[in-house]
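Data block below; observations after.
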Amino acid sequence: CEIVTNPKKNRKILNLVLAVILAVGVWLYVINVENPTSPTTVRDVPVTVTGEDVLAERDLMVTHLSAESVDLRISGRKKTLMNLNRSNVSLELDVSTITAAGDHTLTCQYEFPRNVGSDSVSISDWEDLRITVTVAQRESKEIPVRGEFIGTEAENSLAGAVTTNPETVEVSGPAEALEDIAYALASVGGKEISSTHTETVGLVLMAADGTPADRQNITVSTETVEVTVPVRQVVSIPLTVSL
């Protein structure tokens with residue numbers, strides 16, 4: 001059996017391989033030798049807010065940011081830009097200079113990895129770093145905790161009035177948000193009980209109409225309370241009425 005080769009086809013394959021090698025070589029030369037300057041965008045870089053503890057000392061709090069992440073446009077040496085991404089580029093927004101409620105536009109501080117020099121990368125548009133912060137006056141109020149038993153009672157068992165420890169909690173947040181919060185609900189249930197039952201459960205903040213209230217920007221002095229459901233044993237005694 002004689003194998004017949006096609007010289008024309010072989011030359012075509014060889015030329016294709018040489019073209020790929022040449023293209024890769026040119027790319028490596030441009031990246032490592034010429035290393036030109038070019039623009040790029042690092043997308044979805046998260047914004048970290050700092051200085052909120054200072055605001056708290058002034059009874060202020062951040063309620064909204066115009067953007068929680070930024071598409072950061074930068075320019076620099078192509079080889080350097082290839083190593084930058086949202087996980088090694090950081091943005092910090094310091095709000096400690098704010099002294100009054102309202103909207104404030106601040107500039108984020110940026111930081112690149114330690115191996116990236118300031119002379120090899122620069123910000124293309126400084127507006128990317130501008131964030132508007134909404135700050136509100138922080139207020140507090142005390143609300144009652146209502147215990148609720150939603151389980152079932154075993155035979156010859158009778159549940160009494162539910163109690164909680166503590167009986168009240170303090171909620172803090174913007175004044176307009178606090179107006180909608182009337183009480184905190186602590187529910188125990190999902191099981192049959194035959195003796196006094198105590199359980200630690202989470203709280204649900206409730207509006208006056210019995211629907212869950214909005215928890216955004218609200219903090220609670222404690223997120224859990226101890227709920228006790230007292231249970232008494234009862235006995236059925238047949239009675240006979242004689243006339």
Side-chain angles (χ1 to χ4, degrees), residues 44 46-65 67-69 86-87 90-96 98 101 133-237:
D44 296 324
V47 176
T48 301
V49 179
T50 63
E52 289 188 282
D53 53 338
V54 178
L55 287 188
E57 294 174 358
R58 301 171 183 151
D59 290 328
L60 298 173
M61 61 183 298
V62 174
T63 59
H64 180 72
L65 297 179
E68 295 186 355
S69 63
R86 67 186 301 271
S87 63
S90 63
L91 295 176
E92 286 192 356
L93 189 67
D94 184 7
V95 298
S96 62
I98 297 175
V133 185
T134 301
V135 173
Q137 195 75 31
R138 178 188 291 273
E139 296 188 7
S140 301
K141 74 175 184 178
E142 193 171 66
I143 59 173
V145 178
R146 297 183 186 177
E148 178 185 44
F149 174 59
I150 56 176
T152 58
E153 301 158 328
E155 187 177 358
N156 297 328
S157 298
L158 180 64
V162 180
T163 60
T164 67
N165 182 28
E167 297 180 346
T168 62
V169 294
E170 185 177 81
V171 289
S172 301
E176 61 273 15
L178 293 181
E179 290 177 359
D180 296 331
I181 301 174
Y183 62 95
L185 182 64
S187 299
V188 171
K191 62 184 71 175
E192 184 180 80
I193 59 174
S194 58
S195 60
T196 296
H197 177 74
T198 299
E199 185 176 343
T200 299
V201 298
L203 293 174
V204 179
L205 300 184
M206 306 293 289
D209 61 1
T211 60
D214 187 1
R215 280 291 304 263
Q216 187 175 6
N217 299 318
I218 297 295
T219 58
V220 188
S221 57
T222 178
E223 291 291 344
T224 60
V225 297
E226 190 177 79
V227 180
T228 299
V229 183
V231 175
R232 293 179 297 170
Q233 300 300 314
V234 296
V235 178
S236 299
I237 300 175

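The model shown is predicted, which means the values in this text are computed figures rather than measured ones.
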Sorted by chain and residue number, the side-chain contact (heavy atoms from CB on, under 4.5 Å) partners of T152 (sequence neighbours excluded) come out as E192
Quick check: do T48 and L93 have side-chain heavy atoms less than 4.5 Å from each other? no
All heavy atoms of K141 vs all of I181, minimum pair found to be NZ-O, 2.7 Å
Heavy-atom closest pair (Q233 atom, S194 atom, distance to 0.1 Å) is NE2-O, 2.6 Å
Donor-acceptor list for residues 156-165 side chains, cut-off 3.5 Å, not counting sequence neighbours:
| residue | atom | partner | partner atom | Å |
| --- | --- | --- | --- | --- |
| T164 | OG1 | P166 | O | 3.0 |

Just distance, no hydrogens or angles: give the donor-acceptor pairs under 3.5 Å from side chains in residues 50-61, sequence neighbours left out.
| residue | atom | partner | partner atom | Å |
| --- | --- | --- | --- | --- |
| R58 | NH1 | S96 | O | 2.7 |
| R58 | NH1 | I98 | O | 2.6 |
| R58 | NH2 | S96 | O | 3.3 |

Nearest heavy-atom approach of V62 to N217 is O-OD1, 3.9 Å
**Prompt:** Are more than 12 heavy atoms from other residues, nucleotides or ligands located less than 6.0 Å from atom CD of Q137?
**Reply:** yes
Quick note, side chain to side chain donor-acceptor pair (under 3.5 Å) partners involving residues 168-181, not counting sequence neighbours, are S140-S172, E142-T168
Hits for salt bridge (Lys or Arg N to Asp or Glu O under 4.0 Å) against R215, two or more places apart or cross-chain, chain-then-number order -> E223
Let me check something: any side-chain donor-acceptor pairs from residues 198-211 under 3.5 Å, sequence neighbours excluded? List them with distances.
| residue | atom | partner | partner atom | Å |
| --- | --- | --- | --- | --- |
| T198 | OG1 | T228 | OG1 | 3.1 |
| E199 | OE1 | H197 | NE2 | 2.9 |
| D209 | OD1 | T211 | N | 3.1 |
| D209 | OD1 | T211 | OG1 | 2.7 |
| D209 | OD2 | T211 | OG1 | 3.4 |

Taking every heavy atom of I150 against every heavy atom of G189, the minimum-distance pair comes out as CG1-CA, 3.6 Å
Heavy atoms of T63 and P174 approach each other most closely as CG2-CG, 3.8 Å
Between Y183 and I143, the two heavy atoms sitting closest are C-CD1, 3.8 Å
